[in-house]
Protein chains: 4
Amino acid sequence: MGSTGPRGRIDKRQAILDAAFTVFAREGYAQAGVDAIAAEAGVAKATVYNHFGDKETLLHEAVGVCADRALTDNLAVVERLAGGEDLRETLEDAGFRFLQCYCDPRSTALRRLLAAEINQFPDLLDIVDGRAADRVTDALADRLARLAVAGRLRIDDPLQAAEQFAALLTGPAATRSRFGTRDVSEEELRSVARSAVGTFLRAFGSVD
Amino acid sequence: MGSTGPRGRIDKRQAILDAAFTVFAREGYAQAGVDAIAAEAGVAKATVYNHFGDKETLLHEAVGVCADRALTDNLAVVERLAGGEDLRETLEDAGFRFLQCYCDPRSTALRRLLAAEINQFPDLLDIVDGRAADRVTDALADRLARLAVAGRLRIDDPLQAAEQFAALLTGPAATRSRFGTRDVSEEELRSVARSAVGTFLRAFGSVD
Amino acid sequence: MGSTGPRGRIDKRQAILDAAFTVFAREGYAQAGVDAIAAEAGVAKATVYNHFGDKETLLHEAVGVCADRALTDNLAVVERLAGGEDLRETLEDAGFRFLQCYCDPRSTALRRLLAAEINQFPDLLDIVDGRAADRVTDALADRLARLAVAGRLRIDDPLQAAEQFAALLTGPAATRSRFGTRDVSEEELRSVARSAVGTFLRAFGSVD
Amino acid sequence: MGSTGPRGRIDKRQAILDAAFTVFAREGYAQAGVDAIAAEAGVAKATVYNHFGDKETLLHEAVGVCADRALTDNLAVVERLAGGEDLRETLEDAGFRFLQCYCDPRSTALRRLLAAEINQFPDLLDIVDGRAADRVTDALADRLARLAVAGRLRIDDPLQAAEQFAALLTGPAATRSRFGTRDVSEEELRSVARSAVGTFLRAFGSVD
DNA sequence: CATGAATGAGTTTTCATTCAT
DNA sequence: CATGAATGAAAACTCATTCAT
């Protein structure tokens, strides 16, 4: 029956957005052909234009969708960060999951795409920052602040501590992934998280 | 008169390389036109081809030149990092200079260009890493190791400490510069360096 | 309620034909989009196809309708041309009305459209000539012949005289309207008619 | 040797202009493909863009060239119109030549093209009128005025007489050529000229 | 029958690259 | 070697037309 009814419209829209992100991430905005996107989505080129009007809009929408997903994933990780029995283990676990998000191919692609196109499309930053980057750091700062209040960390400036915690995790991970070129093993991620947490706790751990 | 002797050739070559980097950085590889590069360099388009053969080669050479310069600048900073009287001040100063390199427009542009084109031209990574990124971390690790040996820092794994020191500096700086979109004031850079060194010393400082 | 009964169909058909002529006249056949026509008619694009099959048919029907109307208008003018008391006044009046038809926006548009598309669609000429141009000149020749028979004009070849009368009217009017670009005032039209009739009577008037 | 030197450039430019006019006249602006123009000119499509930038500019230049030629031809005819022995013969001859210009395929095509595109490109009128239509009528008025001064014609308003003379010639000729669809024989043109001059002289001839 | 969605073929325009001077 | 001109391949975008509801 109605299996190809209004549902088809939505399915195609999603397929196009997914395809667009894939192709944009793989080839860059300028290099990516709308032809290729349509092919990847399994629709005709004109259908892409029917839905999104032009290539630029397609980029913006595709980035928006991807940023939404990344935000959701990241917040899920951060919000689970509550002080369990063993603080070190809790932080290492959160750090590891955080790095998994960070190293997820789509996150990596999103960062690369952003870096690549920020000059031509400065508003991409607003799309992503409004939805992702800043809000994750904020949420992390909240969690760290609670731990400080609970006496388990010694932190003056929770936002700065959050930034530094994130930096200790993502900096070394970025080096290892070589701009997303190399796959970083779970093993390695755990090791990076362990080192980061080690340093973080030496700097911010309470004495007890 | 010999004003366009061998000197003219070399000048033109340099002009083309500079123009190429400028335009590639501003517009991205695919978007950048050889026309625009030639115009920026003040030569005819065919001259660009006479010197470099094709657009791809031009990208590689331009990136190479820029990476060389970045390496030189970074090493100069790191190599000046010796233990003065006041360790904190020494580290803060080095961190600040390091961030100045990191935030230099051409460095920013290089990182963006790299992120953008790494998929299409994976060998760009070799050019840059062979000449820049890794070697700076190595040099920094050396310096930190010396300070550890001198008893002024407590470090197990100097390479890891160097990575983390760099991460504590560049992570927050990257956030503030918004992918090189915003100019970060000297003030801010100093503040970032201070925080980074503060955390670093709490984690790795010797007790004395 | 039967508001969309057979009446709705016919209304829509008319609306589409009107819209089609408007858009074809404004933009030319090739440039005119079926989208634009459908929008102007207030129907869906597919409805246009349901009624007319394809764009070419639509052009033919729209031109036919317009030519019919022009013929009716012109014949009405010519048929009122009977010898009143004052021949000069009669001719000037007929000439003026004739020019009003000639300068009517839709007549102008029809002539332009015809000129534009005659190469691609030679059969448009048949549609228009069969229905309009020739028959008007014929009718005019009839009237002039009657006036000759009545001794009020001296005419050998009524068809030729009719052609020349029409030419004396439309030639200068065409110059003034600049291909239908300029609106020609009633004043001007009367003046053109007066001149035309003056010359015509000097050439063909009987002596009395 | 230098046979394909800078000369080639100019040759190609001319070839493109000719081809453009031919194709625009044959198919109309919107329908005409730059592909087809390039093919007709025997050059690559990109060469057309190198020379003229875009399709619209090409139309304007092609129309300009054609209007120049038409003006030259027409003025040559009008300027030869001096009062010979036999005025009727002189006028018939000039009228015939004038109609030859008017019925020349390129003139016909120019008028059609103008009519077709005047809505989209109103400035075409300026190009053509500034160079052709008006100036011919003016020149004709001059000649008629001289004949009036010489006592061979009785004319109050030379400009109006010129307009009417032209109308008596072109009106019937236009009818016969059916928008340039039919070729009008030399015979027919002479006949039209004879009738026009007959009527004109009955209206404006001096008594002698 | 009226419609929204989908599409294939075509359009203008751009651009890396080559060639003749 | 430097250059202006020429080009073939490709890209974004459009549009007449069809199909499923």
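Letters A, B, ... are given to chains in the order of the sequence lines, protein chains preceding strands, and every chain is numbered from 1.
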Novice: Can you tell me how far P of E:dC15 sits from CD1 of B:Ile37, to the nearest Å?
Specialist: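 About 12 Å, once rounded to whole Å.
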Novice: At less than 4.0 Å, is any side-chain N or O atom of C:His51 found next to OP1 or OP2 of E:dC1? Yes or no.
Specialist: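 Indeed not, no polar side-chain atom of C:His51 lies that close.
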Novice: Using heavy atoms to find the nearest nucleotide of DNA chain E for A:Asn50 and D:Gly33 separately, return the residue whose nucleotide is more 5′.
Specialist: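 Mapping each residue to its closest nucleotide by heavy atoms, the 5'-most match is A:Asn50.
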Novice: Could you tell me how far apart C:Asp35 (CG) and E:dG4 (P) are, to the nearest whole angstrom?
Specialist: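 So the CG-P distance, C:Asp35 to E:dG4, works out to 12 Å.
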Novice: For A:Leu58 and F:dA11, give me the distance from atom CG to atom C1', rounded to whole Å.
Specialist: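 Nearest whole value for this atom pair: 15 Å.
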Novice: Please give, in whole Å, the distance from E:dA6 P to A:Asp11 CG?
Specialist: 10 Å
Novice: Just verifying a value: how many Å separate C:Arg106 CZ and C:Phe21 CZ, rounded to the nearest 0.5 Å?
Specialist: 8.0 Å
Novice: Under 3.5 Å for both donor-acceptor distances, Watson-Crick or wobble: does E:dC19 have a partner, and if so which one?
Specialist: F:dG4
Novice: Would you compute the distance between atom CG of A:Leu17 and atom CD of A:Glu61 and round it to the nearest 0.5 angstrom?
Specialist: 6.5 Å
Novice: More 5' along DNA chain E: D:Gln31 or B:Val34, using each one's nearest nucleotide?
Specialist: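 That would be D:Gln31.
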Novice: Side chain of D:Ala46 only, please: which of F:dT7, F:dA16, F:dT3 is the nearest?
Specialist: F:dT7
Novice: Look up atom CD1 in B:Ile127 and atom NE2 in B:His60, then write down how far apart they are to the nearest 0.5 Å.
Specialist: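 Rounded to the nearest 0.5 Å, the CD1-NE2 separation comes out at 5.0 Å.
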Novice: Under 4.0 Å, heavy atoms only, any strand: does A:Ala38 hit a base, just the sugar-phosphate, or nothing?
Specialist: nothing
Novice: With respect to the side chain of B:Tyr49, which nucleotide from E:dT14, E:dT18, F:dA16 is positioned closest?
Specialist: E:dT18
Novice: Picking from E:dT3, F:dA12, E:dT13, which would you name as closest to the side chain of A:Lys55?
Specialist: F:dA12
Novice: Is a donor from one side chain sitting under 3.5 angstrom from an acceptor on the other, for A:Thr57 and A:Asp54?
Specialist: yes
Novice: Classify D:Ala32 by what it touches in the nucleic acid, base, sugar-phosphate, or nothing, heavy-atom distance under 4.0 Å.
Specialist: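 Sugar-phosphate, no base atom in range.
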Novice: Side chain of B:Thr47 only, please: which of F:dA2, E:dA16, E:dA6 is the nearest?
Specialist: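 The answer is F:dA2.
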Novice: Checking B:Glu40 side chain against B:Ile16 main chain: does a donor-acceptor pair fall under 3.5 Å?
Specialist: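 No; judged by distance alone, with no hydrogens or angles, the pair does not exist.
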